[in-house]
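Along the sequence shown, residues carry numbers from 1.
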Amino acid sequence: MFKKILIANRGEIACRVAATARRLGIRTVAVYSEADAQAQHVHACDEAVCIGGAAPRDSYLRAERILEVARATGAEAVHPGYGFLSENEAFAQACADAGIAFIGPPPSAIAAMGSKSAAKALMERAGVPLVPGYHGKDNDPALLAREAARIGYPVLIKASAGGGGKGMRRVDRAEDFDAALAACQREARSSFGDDHVLVERYVTRPRHIEIQVFADTLGHCVHLFERDCSVQRRHQKVLEEAPAPGMSPLRREEMGAAAVAAARAVGYVGAGTVEFIAEEVDDGDLRFYFMEMNTRLQVEHPVTEAITGLDLVEWQLRVAAGQPLPRAQQDLQIHGHAIEARICAENPDAGFLPATGTMDVLRWPAHVAFRRNADADPHGEPAAVRVDAGVVEGNAISPHYDSMIAKLIVWGENRAQALARLDAALRATHIVGLHTNAAFLRRVVNCRAFATADLDTALIERERVAVLDQPTLALELVAAGVVAHALAAEGAPGSAAAAAANSVSDVGVWRDPWSCSDGWRLHGGARRHFDIELAGTHHAVAVARLHDGSLELQIGEQRWTYTCQQRGASTHDIQLGTRRLSLVVYAHGERVAVFADDGMAIAHEIDVIAHAGDHAGEGGRLTAPMPGKVIALHAQAGQRVSKGQPLAVMEAMKMEHTLHAPRDGVVAEVLYSVGDQVAEGGELLRLDDVPAA
C-alpha cells in the first residue's frame, strides 16, 4: 500500500479521499489555488502546496505543476478526484512516465471512453445497445443538420468529450438546430477544449441509470449494482438513489453484465461508471441504451457505499497499489436504499443561476461524517445520515469553481424510510448568506412523482408547479420569527436577555427596572412596529402588548394571539393563534432567515427612514444576475431590441447563461466587451425608449 498520496482536487472530494487515506495510515498532500488558501481540503491533508491562481487553468489544471509537487513531496500516487484532470489521458500518461501511480484507469481506457463518438462505436462492435444517432467524425454543420433530420426531431446534441450536462442541448425544431449547435460547441470548447459533438434521437421519457464497475490489474471485474440519476436540472444531476426503483433482478443482471463487458472491452482498471439511458416499454420493463462511460469515481458514489457497505475510495487505493479486488461478484449484495441530494449554491427561482457569497450560517443535521468500513465490520449498519462537505460556516463560495456545496446522503431499510429521513435531514439543513437549492430539494423529495418513483429526466419540469412555482413560507410565520428574534434580542419577558436584566445581583439588590425592555407602559399597552420585506413586497407588522400583558401579532387587518419563548441561541417556541410551532431564526444585519417545518424564507427588516428613495426602478438596465465572464454579445449601440430577445451570454461556474432584454427599446450603450469579467449586479448595457413614430 502507498505511504503518501497527492490529491489533485479540492472541495468535498479532496476531504473525502483524505479521510479514507487517514484511516488506512496513508499520508496526504493537498494542492490548492490562491483562492483556496484557507479551504477545508487544505486543513484535511498532512501537507499542502499552493500551485497557482484562482482560475482552474492557473492551478488545478496545471498537470506539470501538480507532478512537480508530487515529486518534491515524495508522493507515490496521485488521486485525481472527479472533474479537473480526472479523465485527462495526457495527465494519466504523464504520471506513468514520472513513475507515479495514477489512481484511476490506464490512459488507453480514458482515451477509448473519453470520446463519446469513439466509445459508442466500440460499444456497437461489442453488441451493447445504442440510441439511434450520428456518431461520426465529420462535424460539418450542414451534415449534422441533415443527420438530425434523418434521425427525426427531437434530437439531442452532445459534446463528444463532455459530461455534467455541459455542451448539451435538446432541439425540437430544425430551425433551432444551428443556434443550438453553435452554443454546444462553444460550451464544449470552453469546458473540454474540444468542440466535437454527436447527435442522437431524444428519448422522450428517459431514465438515467448507471452501473458502478470496478476492475483490478489481475483481470477481475465486477459491478456494484445501479444508481438512478434521473432527477436533473440543466442536464445535471440533483438527486441520485440506489438501487433504481422498479429494477427487476433480470434487468439488473443484464445491465450489470453489459457494463462489465464495456469495461473489459477497454482493459479497464479501477472505479468507473457505465451510464445508460433507459425507457419503460409497454409491459413496464426497461429498455436500455449505452450512453457513455465515466472513467473516474462519480459524485454520487456514496449511495453505492451505503447499500453495499464498502469504501470505494479504499478499493481505488488498493487496486492502484496492485492488490486484487476485495470482493468477488457473488459476494456483493444490496442492503437497504440510499438517496443523495446535492446541495448547491444556486437560485432555483431564477433558472438555477449559480450563486456566490459567504455562508454566514451553515448547520447540518446530526450525521456521521464518513461511512464505516464494512470489510472490517460486515454486519454493521450504515449511518442513517451522512454529509460530505468541503466547507464550514464562514467559508465563501466563489465563481471560480463548481457550485456544489456538499452532498447529503441518507440510508433506510427501504425507499420509504430513506425518503422520510431525507426530508427530515433537508429540514434540518440551514444555510444563510447566499441562495441554495436546499428548500427546492425538499419540495422535489415530497412531490408526487418522486415519492411514487415516477421518474424521468424531465421530472422537475413536469412537476414545476409543485417544486418551483411555490410561495415562500407564510407571511405570518415569517413575521412571528422576526418579532420573536427582535424581542429576544431586546430582553422581552422569557428571553435570556430579560432573565439577565431582571436577575438579583450578588448583593441582593434588584437591577434597574428602567433597563427592562418588556413593553410595560404606565398608561397601558404598547405597540411595536416592524417593516418587513418578503419576496420583494413590503408588509407592515405590529406586535401589541395588551392590558392583561398578553401579546397580539397584527398584519394588516389580521390579528393573532401570540407568545414566544426563546429556547437556545436561535430557536423560538411560538404560539400563533391556536398553532404551536418552533422557528429557528438567524439575523445578520437587516436580513432575517426564518426556518420552520413548512420551509424557510429570507426577510428584510427594513429601516424605512434609512431606505427612503431606494426603490427606483431599473427599467432601462440589463444587469448581471451572477458574477461571471461575458462570452458573447448579441447587441450593439443603436440597435432596436424586443423584450425577451437574447442580448448577451455569460459563463459562470462552467455553465452558459443567456441574458434577455427586459423590455422593448434601443441599445444606448454597451458597457462590457466579450472576455470581460462582470461582478454580480454589474450593468452590461443601457436601453432607451423606442423613439416615437
Side-chain angles (χ1 to χ4, degrees), residues 1-7 17 20-21 23-26 70 75-82 86-89 91-114 119 122-123 125-128 210-226 252-274 293-298 301 304-305 307-334 373-376 378:
M1 180 56 74
F2 306 114
K3 294 182 179 179
K4 182 187 285 189
I5 65 170
L6 181 146
I7 304 171
V17 173
T20 290
R23 181 173 60 78
L24 297 176
I26 301 170
E76 303 161 86
V78 171
H79 194 303
Y82 36 69
S86 62
E87 295 181 281
N88 187 300
E89 172 197 358
F91 180 62
Q93 186 61 56
C95 288
D97 294 343
I100 296 171
F102 179 74
I103 303 173
S108 57
I110 297 176
M113 290 299 187
L122 182 63
M123 292 302 103
R125 291 195 295 272
V128 179
E210 60 191 29
I211 305 289
Q212 176 73 62
V213 295
F214 239 105
D216 61 24
T217 57
L218 306 176
H220 307 117
C221 186
V222 300
H223 70 84
L224 286 82
F225 314 111
E226 78 280 358
R252 176 175 292 122
E253 184 178 347
E254 288 181 353
M255 292 183 75
V260 168
R264 290 190 182 280
V266 295
Y268 201 79
V269 173
T273 305
V274 182
M293 183 175 186
N294 288 305
T295 54
R296 54 174 166 80
L297 195 68
Q298 290 280 87
H301 75 272
T304 296
E305 294 183 325
I307 65 165
T308 60
L310 303 171
D311 183 332
L312 298 192
V313 173
E314 179 180 344
W315 275 40
Q316 284 188 296
L317 294 169
R318 293 193 181 282
V319 165
Q323 297 181 14
L325 292 177
R327 301 276 185 92
Q329 189 69 61
Q330 63 268 23
D331 300 324
L332 297 167
Q333 58 183 343
I334 295 173
N373 178 19
D375 287 335

Query raised in the report: Are L332 and L310 close enough, and set up right, to give a side chain to side chain contact (heavy atoms under 4.5 Å, CB included), and what steps lead you there?
Result: CA-CA 10 Å; L332 297 167; L310 303 171; 3.7 Å; yes
Restricting to non-hydrogen atoms, name the atom on [X] and the atom on [Y] that form the minimum distance, rounded to 0.1 Å.
X	Y	value
A265	M123	CB-CE, 4.4 Å
P80	I103	CD-O, 3.4 Å
P107	E89	O-CG, 3.6 Å
I110	A92	CD1-CB, 3.9 Å
W315	P326	NE1-CG, 3.3 Å

Rounded at 0.5 Å granularity, tell me how far [atom1] in [X] sits from [atom2] in [Y].
X	Y	atom1	atom2	value
F91	F102	CZ	CZ	6.5 Å
I26	L317	CD1	CG	5.0 Å
D311	H301	CG	NE2	7.5 Å
S86	N294	OG	CG	8.5 Å
I5	I100	CD1	CD1	12.5 Å
L312	L297	CG	CG	6.5 Å

Query - Backbone of V319 reached by a side-chain donor or acceptor of D216 within 3.5 Å - result: no
Query raised in the report: Any donor-acceptor pair under 3.5 Å linking the side chain of Q212 with the backbone of L224?
Result: no
Query raised in the report: In this structure, are over 12 heavy atoms from other groups packed under 6.0 Å from Q333 atom CD?
Result: no
Report summary line: Residues at least two apart in sequence or cross-chain that pass ring-ring contact (aromatic ring centres under 6.0 Å, His included) with F225, listed by chain then number, are H223
Are [X] and [Y] close enough that some pair of their side-chain heavy atoms sits under 4.5 Å apart?
X	Y	answer
T217	Q323	no
M293	V213	yes
I211	T273	no

Scan the side chains in residues 253-264 for donor-acceptor partners under 3.5 Å anywhere in the protein, sequence neighbours excluded, and list what turns up.
from, atom 1, to, atom 2, distance (Å)
E254, OE1, R251, NH1, 2.1
E254, OE2, R251, NH1, 3.4
R264, NH1, G219, O, 3.1

Query raised in the report: When you check the side-chain N and O atoms of Q316 and H79, is any donor under 3.5 Å from an acceptor?
Result: yes
Query raised in the report: Yes or no on side chain to side chain contact (heavy atoms under 4.5 Å, CB included) for V222 and R327, after CA distance, side-chain angles and deciding distance?
Result: CA-CA 9 Å; V222 300; R327 301 276 185 92; over 6 Å; no
Query raised in the report: What pairs with E87 under side-chain hydrogen bond (donor to acceptor under 3.5 Å, both in side chains), at least two apart in sequence or on another chain?
Result: T295, R296
Query raised in the report: Would K3 and E76 satisfy salt bridge (Lys or Arg N to Asp or Glu O under 4.0 Å), going step by step from the backbone distance to the final call?
Result: CA-CA 7 Å; K3 294 182 179 179; E76 303 161 86; over 6 Å; no
